[in-house]
Amino acid sequence: MPCTPIVLFVYNRPEHTARTLQALAENERAAESELFIFADGPKPGASAEQLRQIAETRAVIRRPAPFKSVEIRESEVNRGLAASIISGVTEIVQRYGSVIVLEDDIVTGRYFLSYMNAALSCYEQQKAVWHVTGWCDPFRTKGDDYAWLYPVMDCWGWGTWADRWAYFKKDIPALKQQFSPAMIKRFNLNGADPGMWQQVLENESGILNTWAIFWYAAIFLQRGLCLAPSRSLVRNIGFDNSGEHCGKNDAEEITAPLDSRIERFPETMKISRFEFRQLQRFMRRKNKLTFKYRFVRTCKNILRPPYHLLKRLVGKA
């Protein structure tokens, strides 16, 4: 089975890029894989330090690497991550039919490429499956050797096919017209993650300029399913405030080993209810939406005014 090409997007983080490439090179199917690296250029008015980081990152990607082939595209100008990913993924997936996508802060386990290639081959003709991810949030599953299906897109180490990616569109006015309040709730993991739809609104206002939420929206509108491993095969090392859109995020840091071999894939094209419920519980805890947290927060809001009033009265006595 030929390997799906890998697309890697880098910018100005040489240490992250080096770790990502090293881990990818240690994958058991690395030598069979074609790698395309898109390196973004400097922003207008970039400082000397920023230019140095970009230059060091480009030096890292030019090092010899044990892949079948490596093709590097270096932009002279800053296109931004969203534009780079949209154009880069579109080009490669149209040429090859499928694609595996990584950013410069995604460290992979040894079997990541084996899993991705097996899944992309297995579900190529199963049009219900739109997206394959190597990420799984750190919640309890039933084992470490199987994959499961759910209606949500995770983009930390992922892949798809050309016919599915053709539906990608970043058109916020058209998107807002298609979503009812009930659909927005489902889009937000049945209310467990209100930040999903909020990303659409923040792209509209200019606070954000991202791509992934619109890929999720395309999948959602087509009632597509996404495949995930029962143990994460990737780790995001960008929770150090070094990236464009990742800050500190203790809840989603993966500390377990990444070297699980995924050997069981779903045969029935339906949502894996147990894992999807676990994900929603995890997101409610992460977003502090559990009953316990809301109860405590409500009590604090009720008691805060009389507490401050009493404090002022005592201070005057």
Side-chain angles (χ1 to χ4, degrees), residues 2-13 16-27 29-41 54 57-58 60-63 65-75 78-109 112-121 124 130-135 153-168 170 210-212 214-216 218-219 226-227 233-234 236-238 243-246:
C3 283
T4 295
I6 308 160
V7 182
L8 172 63
F9 296 91
V10 306
Y11 175 38
N12 66 348
R13 295 191 285 181
H16 294 74
T17 300
R19 290 175 62 185
T20 294
L21 276 170
Q22 179 61 38
L24 191 61
E26 292 172 1
N27 266 255
R29 301 201 69 180
E32 306 167 59
S33 302
E34 297 176 74
L35 175 62
F36 296 84
I37 305 178
F38 290 80
D40 207 359
I54 291 172
T57 301
R58 294 186 175 194
V60 168
I61 63 177
R62 294 191 195 105
R63 294 172 185 169
F67 299 96
K68 181 179 179 180
S69 64
V70 179
E71 184 175 324
I72 296 173
R73 310 279 187 86
E74 297 178 348
S75 177
N78 186 268
R79 305 186 65 194
L81 181 60
S84 295
I85 288 182
I86 293 168
S87 63
V89 169
T90 299
E91 176 191 342
I92 302 304
V93 80
Q94 286 181 349
R95 188 193 308 180
Y96 291 90
S98 60
V99 68
I100 296 169
V101 186
L102 291 166
E103 296 176 38
D104 62 1
D105 55 4
I106 304 299
V107 167
T108 55
F112 168 76
L113 289 179
S114 298
Y115 156 77
M116 293 296 295
N117 278 284
L120 289 167
S121 176
E124 182 178 6
W130 279 57
H131 177 95
V132 178
T133 181
W135 169 263
M153 190 282 304
D154 283 298
C155 64
W156 292 338
W158 62 281
T160 191
W161 302 265
D163 59 347
R164 282 72 144 186
W165 181 254
Y167 283 81
F168 175 86
K170 187 173 180 177
T210 59
W211 65 275
F214 301 100
W215 176 223
Y216 172 35
I219 297 169
C226 301
L227 185 81
L233 306 182
V234 303
N236 188 319
I237 58 172
E244 293 293 307
H245 301 293
C246 266

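Computed from a prediction, not measured in an experiment: that's the story for all the values here. Position 1 is the first residue of the sequence, and the numbers go up from there. These numbers come from the heavy atoms of this one structure, side chains and all, not from hydrogens, waters or symmetry mates.
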Ala25 to Ala30 - nearest heavy-atom pair and separation: O-CB, 3.5 Å
Sequence-distant partners of Thr17, side-chain contact (heavy atoms from CB on, under 4.5 Å), two or more places apart: Val10, Leu21, Thr57, Val60, Ile61, Asp104
Test item: Arg13 and Glu103 side chains (from C-beta on) under 4.5 Å apart, heavy atoms: no
Which residues share a side-chain contact (heavy atoms from CB on, under 4.5 Å) with Glu26, sequence neighbours left out: Gln22
Heavy-atom closest contact (Ser87 atom, Arg79 atom, distance): OG-NH1, 3.1 Å
Ile85 side chain near Phe38 side chain, heavy-atom distance below 4.5 Å: no
Min side-chain heavy-atom separation Tyr115-Leu227 under 4.5 Å: yes
Atom pair OG1 (Thr108) and CG (Asn27), whose distance is rounded to the nearest 0.5 Å: 4.5 Å
Test salt bridge (charged side-chain N to carboxylate O under 4.0 Å, His left out) applied to Arg29 - qualifying residues, sequence neighbours left out: Glu32
Glu34 side chain reached by Tyr96 side chain, heavy atoms, under 4.5 Å: yes
Approximate separation, where rounding is to 0.5 Å, of Lys68 NZ and Leu35 CG: 13.0 Å
Steps toward side-chain contact (heavy atoms from CB on, under 4.5 Å) verdict (Phe9, Val101): CA-CA 8 Å; Phe9 296 91; Val101 186; 3.8 Å; yes
Asn78 vs Tyr11 side-chain heavy atoms within contact, under 4.5 Å: yes
Thr210 side chain to Ala212 backbone, donor-acceptor under 3.5 Å: no
Cys3 side chain reached by Leu113 side chain, heavy atoms, under 4.5 Å: no
Euclidean distance, Trp215 CH2 relative to Lys170 NZ, rounded to 0.5 Å: 15.5 Å
CD1-CG distance between Ile6 and Leu8, expressed to the nearest 0.5 angstrom: 9.0 Å
Those residues that, when tested against Arg73, pass salt bridge (charged side-chain N to carboxylate O under 4.0 Å, His left out) (two or more places apart): Glu71, Glu91
Distance, nearest 0.5 Å, that separates CD1 of Ile54 from CG of Asn12: 5.5 Å
Side-chain heavy atoms of Met116 within contact of Leu233, under 4.5 Å: no
Nearest heavy atoms of Ala119 and Val132, plus distance in Å: CB-CG1, 3.7 Å
Side-chain donor/acceptor of Asn117 to backbone N/O of Thr4, under 3.5 Å: yes
Only distances under 3.5 Å count here; give the side-chain donor-acceptor pairs of residues 157-164 to other protein atoms, sequence neighbours excluded, each with its distance to 0.1 Å.
| residue | atom | partner | partner atom | Å |
| --- | --- | --- | --- | --- |
| Thr160 | OG1 | Trp130 | O | 2.7 |
| Trp161 | NE1 | Leu120 | O | 2.9 |
| Asp163 | OD2 | Lys127 | NZ | 2.7 |
| Arg164 | NE | Val129 | O | 3.0 |
| Arg164 | NH1 | Glu124 | O | 3.0 |
| Arg164 | NH2 | Tyr123 | O | 2.9 |
| Arg164 | NH2 | Glu124 | O | 3.2 |
| Arg164 | NH2 | Gln126 | O | 3.1 |
| Arg164 | NH2 | Val129 | O | 3.1 |

Spacing of Leu24 atom CG and Ile100 atom CD1 [to the nearest 0.5 Å]: 8.5 Å
Taking every non-hydrogen atom, the tightest pair across Ile92 and Pro5: CG2-CG, 4.0 Å
Pairing residues for Ile86 by the side-chain contact (heavy atoms from CB on, under 4.5 Å) criterion, not counting sequence neighbours: Thr90, Phe168, Trp211
Donor-acceptor contact present, side-chain Asp105 to main-chain Asn236, <3.5 Å: no
